[in-house]
Amino acid sequence: MLKYILKRLALLLPTLFGVVTLVFFMIALAPGDPARVMLGERATAESVEQLRHDLGLDKPLYVQYGLYLQRVVKLDLGKSIKSGQKVSEEIWDHFPATIELTIWAMIFSTVVGIIIGVLSATRKNGWIDFASMGGALMGVSMPVFWLALVLIMIFSVHFDMFPTGGRMNIRYYFTPITGLYVLDGILIFLKSGDIKVFISALHHLVLPAIALGTIPLAIIARITRSSMLEVLNQDYIKTARSAGIKERKVIYRYALKNALLPIITVIGLQFGLLLSGAILTETVFAWPGIGKWIYHAIEARDYPAVQGGIIVISTTFVLINLVVDILYSIVNPKIRLS
Amino acid sequence: MKKVLLLLLALTTISVSGFAKGQQSADGDMPAAAGDSKAGGVLVFAHSGDAVGLDPARETDGESFMIADNIYNCLVEFKPGTTEVMPALAKSWDVSADGLEYVFHLREGVKFHDGTDFNADAVVFSHMRQLDENHPYFEYGPWKYWGYMDMSAIVKDIEAVDTYTVKYTLNKPEAPFIANLAMNFAVIVSPTAVEMYKEDYTNNPVGTGPFKFVSWTKDDNIVVERNEDYWGQKAYLDRVIFKVIPDATARTLALKKGEVDIIDFPSPEDIPGIKATDGLKVVEQAGLNVGYLALNCEKEPFDNKLVRQAVNYAINKQDIIDGVYGGMGQAAKNPLPPGMWSYNDEIEDYPYDPAKAKALLAEAGYADGFSTTLWAMPVSRPYNPNGKKVAEIMQANLADVGIDAAITSYDWGTYLDKTDMGEHDMALLGWTGDNGDPDNFLWVLLSAPAAVKPAGNIAFWKNEEFTSIIKEAKETADQARRTALYEEAQVIFKEEAPWVTLAHSLVVEPMKEEVMGFVLYPTGKRVFSEVWLQK
């Protein structure tokens, strides 16, 4: 087991090196001059030149790349061109918001997705099956920003059940502790007995988590369904049933456990995708996460910020995949043997 | 789901012992100004993007400036809703007969938010850090707007005459100088705070304004609270929260739900719905901007005045304004916006008249028309919400009179670089004024010196008569004389037609009905010192 994990960890470095290199050249070779974009329509040629010099953009590309690698190795992601702040600090400011949203979206899509998938499989070709698979098809094909706006229109404007955006009721502000507001809300409750931050944070999470979680939900439901169907057809299930074991136990204890393998893989992949795909949800719900932050950085041609942001997201993505693979190998020891 | 929640709760309970710095503050813990029924309340203002930094001398974006407008004062400021200059931190000022010395008499007893005294040294510090390369805080720039306004060429020296008197010595007479000092880059900062925070000052701003900075959650909100020691009329609101909601539709929905009190930049298509909603109202003001199509006078056939006039007749402005500005704009006839002093309302615009355009083209020797390029801006700006759409309508209009215009576009930075170098035939662009002085439009965009590459005058129109008139106006202190000169300059401009003046956008601010006293400034300022909530 340890050997397998070490081997996987060793693969991390070249992967990350590839990511860093790719990101650097993609952004450096993209059209547009960051100095010009930053200074805007009223900048003089001298000030653009000066800024290019200050930013080191007048150096040859390979020199810039070398300097960049040197810094990344020292875990220094540089300073944002736009704000002058350290990129790592800015990422640290925004990452918890995205992590929180992603985790809740994942919880939502996994729980609901598996339930729907199991229900469909056990009632194959019944109306529940058709309805949920039809729903899943719709879920997969729905643009996230459109779904987000529809959710806002229906549940916050029309029925007035949820807020339209943000992470908190802005009128009672507080100093974040962990940056995960639900957790912060619990901490504040434990400390002062005041529950409103917790409730407000949770209340604000519902719609964005549903919007972001709908596509993975649909995918998870479909995978769960087909995986369950496959397992349910196997002999040991038939044996269990004929032995008179309760149907509920057969399905959840025997069948689901064995159907979980492909589901875990999909969950891991979706989790990584959600991290990078949160941009649209974050924009519509005014969610101050890293997706929106990178989007603005790209707009501003803020090289260090874009590079730093993508490196952090890719690293997280790779790490999540690692965890998934390890989990996978725990659930199915055959995998690590091969 | 319940289980997950319970698990989370249990986990946190176990690990909570290490965290203790959480703090929270409830609303309304500020004492309201005594005996004033307007006082009190928290206002939430939703804008489209976060501020870049809170040291406005370093920034160039409106989102940063609108926070600064409430935290800082300048020596002089614009009267609410106008571009007229009035005293602020300076009670009065004297200008020497040659226009080279400005002596400001400062208000006494004013304190910065950190409790230090406002005085002449603070004024000298705030501006010398931008002017003097040897100043210990010069390196914390770049001081972009100081550069844009050419202040280093204008100002020779700044000195404190005594505790409450400051003298500016100029290199040359410059009438717009006073108006420049009302701009955001000219705010007076607390030297003590700048020295303490150094490059982090931009995250910890300290001014003398009606509101004090409280907190900044990046990309989410900025909170300011009333300055109880304000030198002027104290603000009514306890607190203002600047909330970032990037999506225009989401901003409108948040307003309709009452989560926020005022919103910036609504989508044009949302305006009728907002106006029809009970409890909401809309405040409007013509923006201090102009969108235009510059005709490159250095290139054939636009070096011919008749062709330029023909293009002016050929374009159906009203169509563009209805179709693209969605009613949030008005047709422009002058390069100056209507709210600006010296705007020449006598001038008549070229009406939409394709027949006349064809006749002029024939007279100029282009009876069969010609082929050219039409450059469209790739970004949405206040003066032009959609460059490509505008270009498409223009392309159709021009085709009607025989001009075959191919639409060209580049990414924004490249677009600006190339148009500055005059690579285009016709190009869409625009300008938002920042100091309320006509010079800020006419000199920068249309004078002959501004046509030197890389140019601000991207029509490359070098009219000596026009330039000498606006040069005289720039160096004259008498405003009546300046007005006459600028009015004359606008006549020449219209006759020579280096641009098709397109539109001035309308700034529209939707808000709850109980928000009172909110005034839009043509310069785009958002000031909350006189805003109050009707209870």
Side-chain angles (χ1 to χ4, degrees), chain A residues 31-37 39-45 47 50-51 54 82-85 90 93-94 107-108 111 149 152-153 156-157 160 163-167 169-178 182-184 186-188 190-192 194 197 283-286 288-289 292-293 296 301, chain B residues 1 4 8-9 12-13 16 19-27 42 44 46 49-50 52-53 58 60-61 142 144 147-148 199 202-203 215 217-221 223 241 243-247 249-251 253-254 256-257 259-260 381 410-414 416-417 420 429 431 444 453-454 456:
Chain A
D33 174 3
R36 192 61 160 99
V37 173
L39 292 176
E41 60 240 70
R42 41 194 75 191
T44 59
S47 55
Q50 182 62 43
L51 187 61
D54 293 347
K82 203 169 105 189
S83 69
Q85 267 198 312
E90 293 210 346
D93 283 346
H94 291 85
I107 292 175
F108 162 73
V111 174
L149 281 172
I152 293 178
M153 291 297 290
S156 53
V157 178
D160 202 15
T164 59
R167 297 183 69 192
N169 181 337
I170 183 89
R171 287 171 215 258
Y172 30 90
Y173 68 102
F174 71 107
T175 314
I177 307 160
T178 62
V182 174
L183 202 60
D184 285 357
I186 296 173
L187 296 179
I188 287 170
L190 293 173
K191 189 169 158 264
S192 64
D194 189 342
V197 170
T283 304
V284 176
F285 285 100
K292 193 153 66 71
W293 177 77
H296 286 309
R301 295 272 191 289
Chain B
M1 195 66 132
V4 175
L8 201 71
L9 198 76
T12 352
T13 323
V16 76
F19 300 106
K21 48 182 185 136
Q23 57 163 36
Q24 205 196 337
S25 83
D27 282 345
V42 177
V44 184
D50 201 6
V52 177
R58 289 181 45 187
T60 57
D61 63 303
K144 295 175 194 161
Y148 297 166
E199 58 187 328
T202 191
N203 295 311
S215 66
T217 309
K218 291 274 162 71
D219 265 359
D220 193 46
N221 68 76
V223 180
I241 300 171
K243 164 85 183 154
V244 180
I245 304 182
D247 185 79
T249 312
R251 273 201 301 283
L253 292 175
K256 285 187 173 170
K257 272 207 75 180
E259 288 165 9
V260 303
R381 308 293 297 152
Y410 296 92
D411 81 89
W412 189 218
T414 312
L416 293 173
D417 280 339
D420 283 3
L429 206 61
W431 187 252
V444 185
K453 287 169 192 166

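These numbers were taken from a predicted model, which means no experiment stands behind them.
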Above 12 or not: heavy atoms from other molecules or residues under 6.0 Å from CD of A:Gln85?
yes

Whether the side chain of A:Ser192 engages the backbone of A:Ile188 through a donor-acceptor N/O pair (distance < 3.5 Å, no angle test) should be reported.
yes

Identify which of B:Asn203, B:Leu253, B:Thr249 forms the greatest number of heavy-atom pairs closer than 4.5 Å to chain A.
B:Leu253

Proximity breakdown for B:Val444 and chain A, heavy-atom pairs closer than 4.5 Å:
neither

Which of A:His94, A:Glu90, A:Lys292 touches chain B most, by non-hydrogen pairs under 4.5 Å
A:His94

Examine whether an atom of B:Asp411 lies under 4.5 Å from a heavy atom of chain A, and if so say whether it belongs to the side chain, the backbone or both; otherwise answer neither.
side chain

Closest non-hydrogen atom pair, B:Asp50 against B:Asp61
O-OD2, 4.3 Å

Under 4.5 Å from a heavy atom of chain A, the part of B:Lys257 involved:
side chain

For chain B, the option from A:Gly166, A:Gly165, A:Ser156 that forms the most heavy-atom pairs under 4.5 Å:
A:Ser156

Heavy-atom pair count under 4.5 Å with chain A, highest-scoring of B:Gly53, B:Gly456, B:Pro246:
B:Pro246

A:Arg171 side chain to B:Glu259 backbone, donor-acceptor under 3.5 Å
yes

Less than 4.0 angstrom from a charged side-chain N to a carboxylate O is my criterion; do B:Lys243 and B:Asp220 meet it?
yes

Kindly indicate whether the side chain of B:Leu429, heavy atoms from C-beta on, has any atom under 4.5 Å from the side chain of B:Leu416.
yes

Sort A:Asp160 into side chain, backbone, both or neither according to what part of it lies under 4.5 angstrom from a heavy atom of chain B.
both

Ranking B:Thr60, B:Val44, B:Asp247, B:Val244 by heavy-atom pairs under 4.5 Å to chain A gives rank one to B:Val44

Using a 3.5 Å distance criterion without hydrogens, assess whether the side chain of B:Asn221 forms a donor-acceptor pair with backbone atoms of B:Ile241.
no

